[in-house]
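Along the sequence shown, residues carry numbers from 1. Indexing begins at 1, ligand by ligand and atom by atom, following the structure's order. As the structure is a prediction and not an experimental result, all values here were calculated from the model.
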Amino acid sequence: MAGQASYPSPPASLSHHRIEALLSALRRGSGSDSADGSGGGSGGVSGDDGETAVRMPFSGEVLLRLPHTSVAQVAEAARLARAAQKNWAATSIHVRAAALLRWHDAVLARAEELCDVIQAESGKARGHAFEEVADIANTLRYYGLSAEKVLAPRRRHGVFPLLTRTVELRHPYGLIGIISPWNYPLTLAAGDAIPALVAGNAVLHKPDSQTALTTLLIREIALAAGIPAGIWQVVVGDGATVGPAVIDAADHVVFTGSTATGRRVAEQAGRRLVRADLELGGKNAMIVCADARLASAVEGAVRGSFSSAGQLCLSMERIYVHRDIADEFTKRFAAAARRVKLGAGYDYRSEMGSLVNAAQLAKTRNHIDDAVAHGATVLAGGTHRPDLGPYFFEPTVLADVPETAACFDEETFGPVVSVYPVASDEEAIEKANASAYGLNASVYSRSAAHARSVARRLTAGTVNINESYAAAWGSVDSPMGGVKASGVGRRHGAEGLLASTWAQTIAAQRIWPVGEFGPLRGRRYQAFMTASLRALKMLRRR
Ligand code: NAD
């Protein structure tokens, strides 16, 4: 099938010995890799529950055989994590945040190794792998420097000034269950573990089997930087078996993946009255206004649509371009898509890598074939490239996609984008919002003020102006997440950190109780309270 493709050999960081060393963290029983003596390997996997042959998307060759965690072993991993969490939560926030800053340095120092493993497991281009490394360093610095302040006890206004002293405390939930997908194996594995850990939680983590090695590597780096082993337990195996076992054990769930699975996760967590933050799919729209700088819009459309071969939750799958510039934009965009350099390799020579597996290839192909059958035109790409590797597919630009085509409103999650000319920004906004999803959007205009006025009217959790996704995602000080079928809850920012804590209000009353007391009873109490409430409003006291 792969024709005359000559595949790149995996680099030394993926030697048999190195892979076995990383997998050994899964096979170890309790205690052996504990950095703090608190106990806990990574789930104590024996392999009795089967294994997954993980293949490298670049070649289709087997990279490793991943032993599965049994449901009983997930419960044991949860027990070990909870035991280790007590010490970790008792450690000062200053110490926990300092570990994040050391972890930051280690991530940058071991960037090449991380990129090698991300590429081997996901098949993405080197530049897209490094984007994840930079992202995790960004998140580590942000929470390393901000967590102490965000989690500090906070004085709140009491019910009565002077008489009530009220403080809000933040406690870690205990055990956070993280379930992550394969498409951004480093970002989505570590990105949610970082705030959970710095808040004092333990993590029970189920990465997708395709990309478990990346999780094991970033965990190894975290341990070397001072994160105790016991508090980050990794479990692996069939999603429909191990995923529910994680949800059953966790005090709070963070799930990233498809909307269909997200609904199941929400139902199961809901039955246990455990909160689930859900980061789900998208059908993201870019709006190119009549006054947009064409070169910048074309660059943004290429990066936004084809990063990680379009297997990016934030990627653009719909472009609404003002008809005044539609012909010129579409011509230049299609030409730029044709110029994208595809290829396998653990270096920066190619600009786009492979799809991850045969299922992603089939979905991409089906969406294009279906669109063409319904009358769409292929302006660029549209072709499978087995000469480069089994799952390579060209960046594809479609036009004339009718509402009846599946890719009109369904997420493709591949390198396929449809361009639609529109008569006005009004029409673009209406069409962009006419989607079941609401994750990310992008607006290109020379006028930042105009772009902001368009952005505010888009029902999307993030909107990038003169950028496609990286500006909003990379702004880790601000919350990120979806609306509608794109999810519930937010990562990043103070909100993303507070999400792994529960709030406790402690209010101390002195001198006078809040209720009736002494001579202030019945009507007198009512009069006193009425006067007090009026005075508080007059003094504008919150
Ligand atoms: P998926 O839902 O199939 O799998 C995600 C994870 O859930 C995997 O680890 C899987 O093993 C696990 N899982 C499967 N069944 C489960 C179950 N019944 N209970 C619990 N866990 C289960 O998603 P995918 O195809 O791997 O990922 C691609 C999807 O993820 C796309 O829709 C994409 O848009 C979305 N995504 C969203 C974001 C975001 O931040 N919003 C980021 C990346 C990907």
_Nearest-contact summary for atom 5 (C) of ligand 1 - protein heavy atom, Å_ = T256 O, 3.7 Å
*CG of L213 to CD of E121: how many Å apart, nearest 0.5 Å?*
4.5 Å
_Give the atom numbers and elements of ligand 1 that come within less than 4.0 Å of a heavy atom of R491._
40 (O)
*By number and element, which atoms of ligand 1 are closer than 4.0 Å to a non-hydrogen atom of L188?*
42 (C), 43 (C)
*asked:* Restricting to salt bridge (charged side-chain N to carboxylate O under 4.0 Å, His left out), what partner residues turn up for E267, sequence neighbours left out?
replied: none
_Quick check on contacts: which atoms of ligand 1 are under 4.0 angstrom from a heavy atom of L439?_
41 (N)
*Would you mind checking if E411 and K283 are paired as a salt bridge, meaning a charged N to carboxylate O distance below 4.0 Å?*
no
*Does E61 come within less than 4.0 Å of R55, counting only side-chain N to carboxylate O?*
no
_Taking atom 28 (C) of ligand 1 as the reference point, the nearest protein heavy atom with its distance_ = F413 CE2, 3.5 Å
_Residue pairs, two or more places apart or on separate chains, that pass salt bridge (Lys or Arg N to Asp or Glu O under 4.0 Å) and touch residues 247-262_ = R82-D251
*asked:* Geometry only, no angles: is G257 polar-contacting ligand 1 at N/O separations under 3.5 Å?
replied: yes
*Does the ring center of F58 lie less than 6.0 Å from the ring center of Y7?*
no
*Distance to 0.1 Å, residue and atom name: give those for the protein heavy atom nearest to atom 34 (O) of ligand 1.*
E411 OE2, 2.6 Å
*asked:* Side chains of T261 and S258 only: does a donor on one sit below 3.5 Å from an acceptor on the other?
replied: yes
*Which atoms of ligand 1 have any heavy atom of V265 under 4.0 Å away?*
20 (C)
*Looking only at heavy atoms, is any part of N183 under 4.0 Å from ligand 1, and if so is it the side chain, the backbone, or both, or is it neither?*
side chain
*Between V246 and ligand 1, find which residue part has any heavy-atom pair under 4.0 Å and reply side chain, backbone, both or neither.*
neither
_Among A240, S209, G243, A245, which one puts a heavy atom closest to atom 20 (C) of ligand 1?_
G243
*Could you name the option among S258, G482, S180, P181 that has the heavy atom nearest to atom 9 (O) of ligand 1?*
S180
*In the protein, which heavy atom is nearest to atom 42 (C) of ligand 1, and how far is it?*
C313 SG, 2.9 Å
*Proximity to ligand 1 by part of Y184, non-hydrogen separation under 4.0 Å*: neither
*Output yes when R18 and D116 qualify as a salt bridge under the 4.0 Å nitrogen-oxygen rule, no when they do not.*
no
*asked:* At less than 4.0 angstrom from any non-hydrogen atom of I179, what atoms of ligand 1 do you find?
replied: 6 (C), 7 (O), 9 (O), 12 (C), 20 (C), 21 (N)
*Can you pull out the closest protein heavy atom to atom 11 (O) of ligand 1? Residue, atom name and distance to 0.1 Å, please.*
K206 NZ, 2.9 Å
_Using a plain distance cutoff, I'd like to know if T261 has any nitrogen or oxygen under 3.5 Å from a nitrogen or oxygen of ligand 1._
yes
_Tell me whether R303 is salt-bridged to E351, with the criterion being a basic N under 4.0 Å from an acidic carboxylate O._
no
*With a 4.0 Å cut-off, strictly under, does atom 15 (N) of ligand 1 pick up any protein heavy atom?*
yes
*asked:* Side chain, backbone, both or neither: which applies to Q268 and ligand 1 if a contact is any heavy-atom pair less than 4.0 Å apart?
replied: neither
*List the closest protein heavy-atom neighbour of atom 25 (O) of ligand 1: residue, atom name, distance to the nearest 0.1 Å.*
W182 NE1, 3.7 Å
_Aromatic centroids of W502 and H252 separated by under 6.0 Å_ = no
*So which heavy atom in the protein is nearest atom 19 (N) of ligand 1, and how far is it from that ligand atom?*
P244 CD, 3.6 Å
*Within a radius of less than 6.0 Å around CZ of R263, do more than 12 heavy atoms belonging to other residues, nucleotides or ligands occur?*
no
_Ring centroids only, cut at 6.0 angstrom: are F306 and F393 within range, meaning strictly under it?_
no
*For the pair E131 and K124, find out whether any cationic side-chain nitrogen is under 4.0 Å from an anionic carboxylate oxygen.*
no
_R264, portion touching ligand 1 at heavy-atom distance under 4.0 Å_ = side chain
*Give a yes or no on whether a salt bridge exists between D192 and R491, defined as a side-chain N under 4.0 angstrom from a carboxylate O.*
yes
*Please indicate whether any nitrogen or oxygen in L280 is less than 3.5 Å from any nitrogen or oxygen in ligand 1.*
yes
